[in-house]
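Both ligands and their constituent atoms are indexed starting at 1 by order of listing.
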Amino acid sequence: MRKHIPKIALLGLILESNRFARSASLDDFERLTVKRGKILIDDARSTTPSIAIEFSAFVKAMDATGDWQPVPIILMASRPLGALQKAVFEGYCAEAISQLDESFDAVYLCHHGAMVAEHLHDPDGAIAEMTRLAVGPKTPIIMTLDLHANISDKMCHSVDLICGYRTNPHVDQNDRGQEAAFGLRQILHGLAVPKIAHVKLPLAPSSITLLTANGPLGRAIDFGQRRLAEFGSKILNISIFGNFIFSDVPENGVSIVVTARDDAAIATSLANEIATFIWDSRDDYVKSLTPFKKAIEIALNKGREPVIFADSGDNPGGGGSGRTTGLLSALLASDAQNILYGSFFDPALSQDAHAKGIGESFTAVFNQDRNDIPREAWDERLGVEAKVIGLHDGEIVGRLGMMAGRKLSLGLCALLEIAGVKVVVISERAQTADPVFFEMFDQDIAAAHTIIVKSRGHFRAGFAPWFEGSNIYEIDTVGLTSPVLSRWDFKNVPQPSFPFQTKAEWNRPR
Ligand SMILES: [Zn+2]
């Protein structure tokens with residue numbers, strides 16, 4: 001008898017939606033990832049993929065574990081923005097879901113899990129449900145998700161295995177893609193008939209409390225992994241999702257998703273146990289930032305060790321514009337010295353610098369209207385005398401942390417010297433989570449007195465060789481990702497939820 005080679009559909013739609021940012025259009029996806037067919041599978045198999053690392057890892061792990069017939073339908077990814085435009089959602093479904101049918105042996109869905117559409121709170125769940133309807137009740141569906149996903153019961157009821165990132169900064173995307181493939185192989189071999197349990201807590205923390213090297217979420221994930229080891233092969237996966245508060249959806253809240261090999265009761269009891277562990281530590285999911293004025297004082301202190309500042313309010317990795325200039329203005333007014341600041345998303349300014357050339361001085365104007373990019377309230381215009389000290393085409397490969405090994409296309413880039421501050425300007429909106437943003441201009445991280453990054457948390461993995469705990473400051477700056485939750489008018493986050501209502505209750509399972 002001829003061996004059956006499993007035919008597996010590969011598809012995904014990746015967007016982290018910040019409800020307060022502008023909507024995501026097809027153009028926003030085309031600027032990062034819209035790949036189909038051979039181009040998609042070739043990118044996945046390359047040594048420096050440009051696409052989501054877990055997708056690439058899934059493909060490579062499937063290649064390494066036996067025969068299969070991949071059907072690379074489509075992968076679309078945008079950098080974090082606002083709600084997905086309705087037409088983009090409908091176009092994706094019309095193209096991708098319509099290619100699915102009962103002839104497939106399995107489906108891999110590569111999603112972030114915190115997407116909002118203009119007309120839907122839970123498009124990730126809607127796609128999972130449509131996928132289930134298209135392929136029938138028996139076909140395994142595997143889904144990978146970001147740690148910041150907002151999990152719905154619809155997702156959990158529609159798929160067979162969910163693998164969420166377990167690190168923040170997200171440095172385990174490769175491992176999770178592999179884990180998804182290994183899990184699928186087991187299911188295909190009849191070694192698992194997965195049962196998923198999902199528990200959501202009325203706990204909706206801000207992203208700054210969700211780091212995993214230390215802090216409450218890290219402890220919860222460690223606890224889950226210890227329990228998983230104790231249960232042995234009875235459990236396929238434990239994923240704990242911290243939620244993405246800026247999505248402002250009814251699905252906000254920490255979720256515990258346990259996938260058992262075949263026993264639903266074990267999955268439920270373990271999910272409840274982990275939920276209880278997290279609920280009992282809810283007071284730890286509150287954290288304060290370094291006040292703006294204090295940051296300037298620290299920058300001016302010549303006697304201290306080098307430090308790194310996170311421009312927390314303007315993290316492009318959470319939907320921030322990458323264009324706020326308040327902190328830069330204050331530093332320039334203070335005469336602080338030896339600062340490296342990256343990266344400002346400003347294509348027009350980068351073009352101006354390229355037109356001038358290295359060594360030339362000019363009046364640099366941040367946030368000109370020429371960009372044709374909508375300006376948020378905080379994206380103030382700033383005109384300053386600057387010298388061009390570096391130019392780059394922006395084609396780089398991530399070196400450390402979450403972006404390591406991934407091909408990044410940042411468009412035309414420039415390094416400007418403005419008094420005591422060297423400023424990186426980029427032409428694609430990206431968070432500065434990797435030292436390569438400075439190193440592409442031959443800047444030495446170790447030689448700077450103060451590094452400032454437009455990133456909220458992911459920079460910690462990229463800059464770990466130079467900075468740890470006490471040398472890292474999260475600055476209270478304004479912008480679309482300000483973690484001070486009281487500044488935002490949330491409309492859909494479940495009420496009551498901790499820490500919005502400190503008296504929020506959770507009915508503990510007996
Ligand atoms: Zn994330």
> For the atom pair OG (S158) and CD1 (I127), what is the distance rounded to the nearest 0.5 Å?
Replying inline: 11.5 Å
> Of all N/O/S atoms in D146, which lies nearest to the Zn ion (ligand 1)?
Replying inline: OD1
> Between E30 and K35, does at least one N-O distance fall below 4.0 Å, as a salt bridge requires?
Replying inline: no
>> Test salt bridge (charged side-chain N to carboxylate O under 4.0 Å, His left out) on D476 and R487; report intermediate values, then the result.
In response: CA-CA 12 Å; D476 184 4; R487 286 189 190 140; 2.9 Å; yes
> Judged by modelled atom types alone, do T212 and T167 share a side-chain donor-acceptor pair under 3.5 Å?
Replying inline: no
>> Distance check below 2.8 Å: does H458 bring an N, O or S atom to the Zn ion (ligand 1)?
In response: no
>> Between the Zn ion (ligand 1) and H148, which N, O or S atom of the residue is the nearest one?
In response: ND1
